[in-house]
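Data first, discussion second: the structure below is written as structure tokens.
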Amino acid sequence: IVRLSGISIWGVALFLLLSVPFASAKEHEHHYHGSLVLVKPGDLPADAQTAGEDMYLYEGNARTYLYVEQGGGKRLLILDVTDPDRTSEVDERQLSTDIPFDFVGPVDGTSVLVRFRTTGGSSEWGCLRLDRPASPVLVTWDQSAGDIVDPLNNRTFNADSSLLPNHRATNSFQIVDVSRSEPQPFATMPGVTKILTDPEQGRKFYLASNGVWILRNLSIERQRQIEMTQAN
């Protein structure tokens, strides 16, 4: 009986040794593709695994922040994505609004202009102040016509025209690697409504129906790190 138990134990151990590396290799194959690394919603904080209305990327205080609007404009999720592998949730702020809004564009370097998706003749605008990136403040006003002025940067936004992006979710959004002899699908994301690019680090951020996805390019990141080291 003891001998048979020993054989059984060794058999189980051999099975684990053979099966665990295979599972690990399969997982890495799913996340890594050459110099590309895909960070999925399941790899991020729990609140980032929720669909959102819009998102905005901002660099401040030597950090990179991703702001994700959720809950129909009622909630703003703040993520620190300076290192995507160590993405952390900075805060989840409840907003006083209950209307979805869209990020239009940067204003004076420390704010971003937003426009609410109102119906009818009224038009509501807002400005998300990012003087303290971890603690943004949203101010709003009504304006159906005229100009919105940014005197510091000599910019003018026309309130009469529609500045809203086209937020239509795709049934599936696919990433295909064409660097090989045969193009190979790398990933498929459900319902992508927004894509942001960080050209400095060669990263892309996708807002999908199941949360935030991040695509990294390690070769660009390494080159950027070399350049920063040489500059210092």
Side-chain angles (χ1 to χ4, degrees), residues 12-59 63-70 77-90 102-103 105 164-230:
V12 172
L14 181 60
F15 172 77
L16 291 174
L17 286 172
L18 291 175
S19 61
V20 170
F22 174 78
S24 178
K26 186 175 182 181
E27 181 181 354
H28 278 67
E29 182 183 356
H30 183 76
H31 286 85
Y32 294 82
H33 203 68
S35 64
L36 300 179
V37 179
L38 184 65
V39 182
K40 303 186 298 180
D43 303 322
L44 301 175
D47 287 333
Q49 303 171 33
T50 302
E53 272 66 51
D54 202 1
M55 62 181 181
Y56 185 73
L57 197 63
Y58 179 76
E59 293 188 12
R63 312 297 297 175
T64 302
Y65 297 91
L66 184 67
Y67 301 91
V68 185
E69 174 202 354
Q70 298 175 330
L77 175 64
I78 307 169
L79 300 173
D80 185 337
V81 294
T82 307
D83 182 352
D85 283 340
R86 293 178 175 82
T87 295
S88 61
E89 180 175 332
V90 177
D102 295 283
F103 294 102
L164 298 184
N166 188 8
H167 284 268
R168 288 186 297 179
T170 57
N171 292 329
S172 61
F173 187 93
Q174 196 173 50
I175 301 176
V176 177
D177 180 7
V178 296
S179 63
R180 306 188 181 188
S181 56
E182 291 291 336
Q184 295 184 4
F186 176 40
T188 300
M189 308 173 193
V192 173
T193 58
K194 186 72 173 283
I195 303 173
L196 297 176
T197 302
D198 179 2
E200 189 73 13
Q201 296 291 341
R203 298 168 184 164
K204 281 185 174 292
F205 299 82
Y206 304 85
L207 185 59
S209 60
N210 63 344
V212 176
W213 297 64
I214 306 174
L215 182 64
R216 303 173 59 194
N217 190 322
L218 295 183
S219 62
I220 295 179
E221 291 184 17
R222 293 191 191 101
Q223 182 60 36
R224 176 58 179 160
Q225 187 63 38
I226 293 173
E227 293 173 355
M228 291 179 62
T229 303
Q230 294 176 343

How many angstroms lie between CG in Leu79 and CG in Leu57, if you round to the nearest 0.5 Å?
10.5 Å
Residues forming a side-chain contact (heavy atoms from CB on, under 4.5 Å) with Gln174, sequence neighbours excluded:
Val176, Pro185, Thr188
Check salt bridge (charged side-chain N to carboxylate O under 4.0 Å, His left out) between Glu200 and all other residues, then give those that pass, not counting sequence neighbours.
Arg224
If you compare all heavy atoms of Met189 against all heavy atoms of Leu38, which two are closest, and at what distance to 0.1 Å?
CE-CD1, 4.1 Å
Val212 vs Leu44, side-chain contact (heavy atoms from CB on, under 4.5 Å): CA-CA, chis, key distance, verdict
CA-CA 8 Å; Val212 176; Leu44 301 175; 4.0 Å; yes
Could I get the full list of side-chain contact (heavy atoms from CB on, under 4.5 Å) partners for Ser209, not counting sequence neighbours?
Pro190
Side-chain donor/acceptor of Glu89 to backbone N/O of Leu77, under 3.5 Å
no
Sequence neighbours left out, what passes side-chain hydrogen bond (donor to acceptor under 3.5 Å, both in side chains) with Ser219? Give chain and number order.
Asn217
For Arg63, which residues count as a salt bridge (charged side-chain N to carboxylate O under 4.0 Å, His left out) partner, sequence neighbours excluded?
Asp80
Worked verdict on Leu196 versus Leu66 for side-chain contact (heavy atoms from CB on, under 4.5 Å)
CA-CA 10 Å; Leu196 297 176; Leu66 184 67; 4.0 Å; yes
Are the side chain of Gln49 and the backbone N or O of Pro41 linked by a donor-acceptor pair below 3.5 Å?
yes
Tell me every residue that passes side-chain contact (heavy atoms from CB on, under 4.5 Å) with Pro199, counting only those two or more places apart in sequence or in another chain.
Thr197
Would you give the length of the straight line joining atom CD of Gln225 to atom CD of Gln230, rounded to the nearest 0.5 angstrom?
11.0 Å
Among Phe205, Phe103, Tyr65, find the residue that satisfies the ring pair (Phe, Tyr, Trp, His ring centres under 6.0 Å) test when tested with Tyr56.
Phe103
Would you please name every residue forming a side-chain hydrogen bond (donor to acceptor under 3.5 Å, both in side chains) with Asp198, sequence neighbours left out?
none
NZ of Lys204 to CD1 of Ile175, rounded to nearest 0.5 Å, is 9.0 Å
What residues, two or more places apart in sequence or in another chain, satisfy salt bridge (charged side-chain N to carboxylate O under 4.0 Å, His left out) together with Arg216?
Asp85, Glu221
Where do Asp54 and Asp102 come nearest, in terms of heavy atoms and distance?
OD2-CA, 3.3 Å
Tyr206: partners by ring pair (Phe, Tyr, Trp, His ring centres under 6.0 Å), with sequence neighbours left out
Phe173
Report the C-alpha separation of Trp213 and Lys40 in whole Å, then their side-chain angles, then the decisive distance to 0.1 Å, and conclude whether the side-chain contact (heavy atoms from CB on, under 4.5 Å) test is met.
CA-CA 5 Å; Trp213 297 64; Lys40 303 186 298 180; 3.6 Å; yes
Measuring from atom CG of Leu207 to atom CD of Gln70, what distance do you get when rounded to the nearest 0.5 angstrom?
8.5 Å
